[in-house]
J.: 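Have a look at this one before I ask anything.
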Amino acid sequence: MADVKIGQAVAQDDLVIPLIDFAPFLSGDAAAKKSTATAVLEGFQNAGFIYLKNHGIPPAAVSTAFSHSAKFFARPQDQKDAMAWYSAAANRGYVAQGREKLVTLEETGTEAELRKTVPDLKESLEIGRDDQPATPNMWPTGDDEAADFKKQMLAFFESCKGLHIDVMRAIALGMGIDHSWFDGFTDAGDNTLRLLHYPGVEKSIFKRSDGQMQVRAGEHSDYGSITLLFQDIRGGLQVRSPKGTFVDATPIEGTIVINAGDLLARWSNDTIKSTKHRVVEPPPKPEHQGLDVYPPRYSIAYFCNPNYERMIEAIPGTYETAGRKYNDVSSGDYIIGRLTATY
């Protein structure tokens with residue numbers, strides 16, 4: 001692939017996650033755009049995950065988002081509880097530690113077993129598009145930091161929305177359809193910016209006497225089209241390999257980890273993979289030796305969905321030979337249904 005830099009971010013147990021320089025797609029010639037698009041599509045088809053560098057979101061914008069996220073989670077608990085997540089249809093607001101369980105019936109077998117699973121060790125704030133009076137965002141109030149927080153998060157939301165559009169254009173070009181084919185599915189921005197805080201925990205928490213595995217976020221796949229994940233340096237994200245093992249997706253500075261979600265897999269007639277992943281005990285680091293407590297971990301996920309009012313039917317070129325695997329489905333109905341089962 002001339003003028004296009006493709007490396008390997010992860011290569012273990014038959015799981016190969018490419019590291020792709022996105023700059024040639026954003027500003028290169030037609031050949032460079034096509035080569036980059038092909039690499040993006042193949043990454044989603046083979047692993048369900050890619051790492052993207054030179055993605056167009058400035059490092060300063062990412063740093064600012066992380067800084068404001070940490071300040072938000074440091075607020076008194078009563079302030080955060082006053083902003084509580086209030087419905088699956090909205091998917092906006094604060095989610096306290098222990099409310100969400102990402103382990104599903106597929107892993108547990110029955111509802112009773114699901115209720116006995118260990119709650120995830122995290123808290124989050126869900127932010128959606130800010131022009132929906134019926135499902136408003138929940139913002140902190142009462143101080144200058146609160147006003148700045150809202151301003152910065154809405155700006156970051158829009159930056160991520162722009163990258164969502166560009167990645168979907170790359171997928172379209174890689175598939176051999178018009179690069180703008182997805183534009184009418186991405187312009188509304190029915191997406192969710194999720195700020196995540198995994199509090200510092202004692203190492204002993206991860207060594208349970210009852211045999212259950214304590215995790216910071218249980219094994220799951222994402223619901224929508226793609227997810228943009230911004231990691232801090234702590235680590236702990238693992239991706240399930242074709243062999244069934246979980247492989248560390250180690251943070252790489254300046255990159256975004258992007259994975260395909262269940263709705264994109266369905267949309268692509270399963271030619272794209274939605275791969276399960278989890279967040280666990282972080283890998284050992286020299287600076288943590290001798291400590292009884294793991295430091296907190298922060299991450300930011302931007303969950304991308306097709307416009308809620310659009311119907312999702314198989315993408316051209318994915319079903320002509322094998323036939324359609326799925327019935328058409330409303331994007332909004334699908335996402336809200338999945339959220340309802342999670343909370």
Side-chain angles (χ1 to χ4, degrees), residues 40-41 44-45 48-49 85-93 95 100 102 104 106 124 126-137 157-175 177-194 220-229 258-277 301-319 323-343:
V40 168
L41 177 62
F44 289 137
Q45 289 174 329
F49 274 77
W85 188 95
Y86 56 95
S87 77
N91 194 28
R92 290 161 168 82
V95 180
E100 181 186 26
L102 288 173
T104 65
E106 181 180 335
S124 67
E126 320 291 316
I127 300 168
R129 52 188 288 197
D130 205 44
D131 60 351
Q132 303 289 288
T135 53
N137 281 311
F157 187 102
E158 289 302 310
S159 294
C160 293
K161 178 185 173 183
L163 182 56
H164 172 212
I165 292 169
D166 285 330
V167 172
M168 296 306 293
R169 287 175 174 174
I171 292 172
L173 187 59
M175 286 182 158
I177 57 181
D178 188 90
H179 79 283
S180 64
W181 193 87
F182 291 108
D183 284 7
F185 293 89
T186 57
D187 55 353
D190 284 324
N191 307 322
T192 299
L193 175 63
R194 169 182 277 192
H220 65 285
S221 55
D222 293 344
Y223 306 153
S225 51
I226 61 172
T227 302
L228 316 180
L229 178 64
I258 305 180
N259 63 282
D262 294 342
L263 191 52
L264 181 56
R266 180 184 181 122
W267 207 355
S268 73
N269 214 39
D270 285 340
T271 59
I272 285 173
K273 293 182 179 179
S274 177
T275 305
K276 291 196 173 180
H277 47 285
Y302 187 79
F303 296 100
C304 305
N305 306 306
N307 298 350
Y308 270 15
E309 81 279 2
R310 295 299 301 265
M311 292 298 295
I312 302 304
E313 53 188 82
I315 299 166
T318 64
Y319 61 85
R324 299 174 188 258
K325 291 186 175 183
Y326 302 101
N327 294 327
D328 299 350
V329 65
S330 159
S331 172
D333 288 348
Y334 180 86
I335 298 298
I336 292 170
R338 293 293 300 275
L339 287 167
T340 300
T342 301
Y343 291 92

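When a residue number appears, it is its place in the shown sequence, counting from 1.
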J.: Minimum heavy-atom separation for A265 to S268, with atom names?
T.: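 Of all heavy-atom pairs spanning A265 and S268, the closest is O-OG, 3.0 Å.
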J.: Check for a donor-acceptor pair, side chain of D190 on one end and backbone N or O of N305 on the other, with a separation under 3.5 Å.
T.: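 Absent.
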J.: Quick one: does I272's side chain get under 4.5 Å of I171's, heavy atoms only?
T.: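 Side chain of I272 against side chain of I171, heavy atoms only: contact under 4.5 Å found.
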J.: With distance as the sole test, does N269 use its side chain to make a donor-acceptor pair with the main-chain N or O of A314 at under 3.5 Å?
T.: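 Checking the backbone N and O of A314 against the side chain of N269, no donor-acceptor pair under 3.5 Å is found.
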J.: So, for H277 and D222, which heavy atoms are closest and what is the spacing to 0.1 Å?
T.: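 Result for this residue pair: NE2-OD1, 3.4 Å.
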J.: Is it the case that over 12 heavy atoms from other parts of the model lie below 6.0 angstrom from the CG atom of N327?
T.: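 At most 12 heavy atoms, drawn from other residues, nucleotides or ligands, come within 6.0 Å of this atom.
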J.: Between R169 and T186, is any pair of side-chain heavy atoms under 4.5 Å apart?
T.: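 In short, these two side chains do not touch, never coming nearer than 4.5 Å.
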J.: Where do L228 and C304 come nearest, in terms of heavy atoms and distance?
T.: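 Looking at all heavy atoms of both residues, the closest pair is CG-SG, 4.3 Å.
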J.: Measure the spacing between CG of D262 and OH of Y223 and express it to the nearest 0.5 Å.
T.: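 Answer for the CG-OH pair, D262 versus Y223, is 8.5 Å.
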J.: For the side chain of R92 and the backbone of T192, is there at least one donor-acceptor N/O pair under 3.5 Å apart?
T.: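 The answer is no, because no donor-acceptor pair under 3.5 Å joins these two groups.
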J.: Regarding N137 and D130, do their side chains bring together a donor and an acceptor under 3.5 Å, going by distance alone?
T.: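 Short answer, yes.
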J.: Taking S331 for the side chain and P306 for the main chain, is one N or O donor matched with an acceptor at less than 3.5 Å?
T.: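 Side chain of S331 to backbone of P306, a donor-acceptor pair under 3.5 Å: yes, one is there.
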J.: Enter the distance from I226:CD1 to Y302:OH here, rounded to the nearest 0.5 Å.
T.: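 I226 CD1 to Y302 OH: 9.5 Å, rounded to 0.5 Å.
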J.: Ignoring hydrogens and angles, tell me if any N or O in the side chain of T135 forms a donor-acceptor pair with the backbone of A90 under 3.5 Å.
T.: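 A pair under 3.5 Å: no.
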J.: Would you kindly say whether Y326 and D270 are connected by a side-chain donor-acceptor distance under 3.5 Å?
T.: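 Yes.
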J.: Using every non-hydrogen atom in the two residues, find where P136 and Y86 come nearest and quote the distance to one decimal.
T.: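 Nearest heavy atoms, P136 then Y86: O-OH, 2.7 Å.
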J.: For the backbone of D187 and the side chain of K161, can you confirm whether one donor and one acceptor N or O come within less than 3.5 Å of each other?
T.: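 Confirmed, K161 side chain pairs with D187 backbone.
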J.: Between R310 (side chain) and G184 (backbone), is there a donor-acceptor pair under 3.5 Å?
T.: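 Such a contact is found between R310 side chain and G184 backbone.
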J.: Over all heavy atoms of both residues, which pair between F44 and V167 is shortest? Give the atoms and the distance, please.
T.: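 The pair with the smallest heavy-atom distance is CE1-CG1, 4.2 Å.
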J.: Just by distance, do the side chain of D328 and the backbone of M311 share a donor-acceptor pair under 3.5 Å?
T.: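 Answer holds: no.
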J.: Check whether any side-chain heavy atom of W85 sits under 4.5 Å from a side-chain heavy atom of N91, and report yes or no.
T.: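 A side-chain contact under 4.5 Å exists here.
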J.: Atom OG of S221 and atom CG of L263: how far apart are they, to the nearest 0.5 Å?
T.: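 It comes to 11.5 Å.
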J.: Report the relative orientation of the aromatic rings in W181 and F185; use parallel for angles under 30°, tilted for 30 to 60°, perpendicular for over 60°.
T.: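 Answer is parallel, since the angle falls under 30°.
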J.: For residues W267 and Y334, establish whether the separation of their ring centroids is below 6.0 Å.
T.: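 No, the ring centres sit 6.0 Å or more apart.
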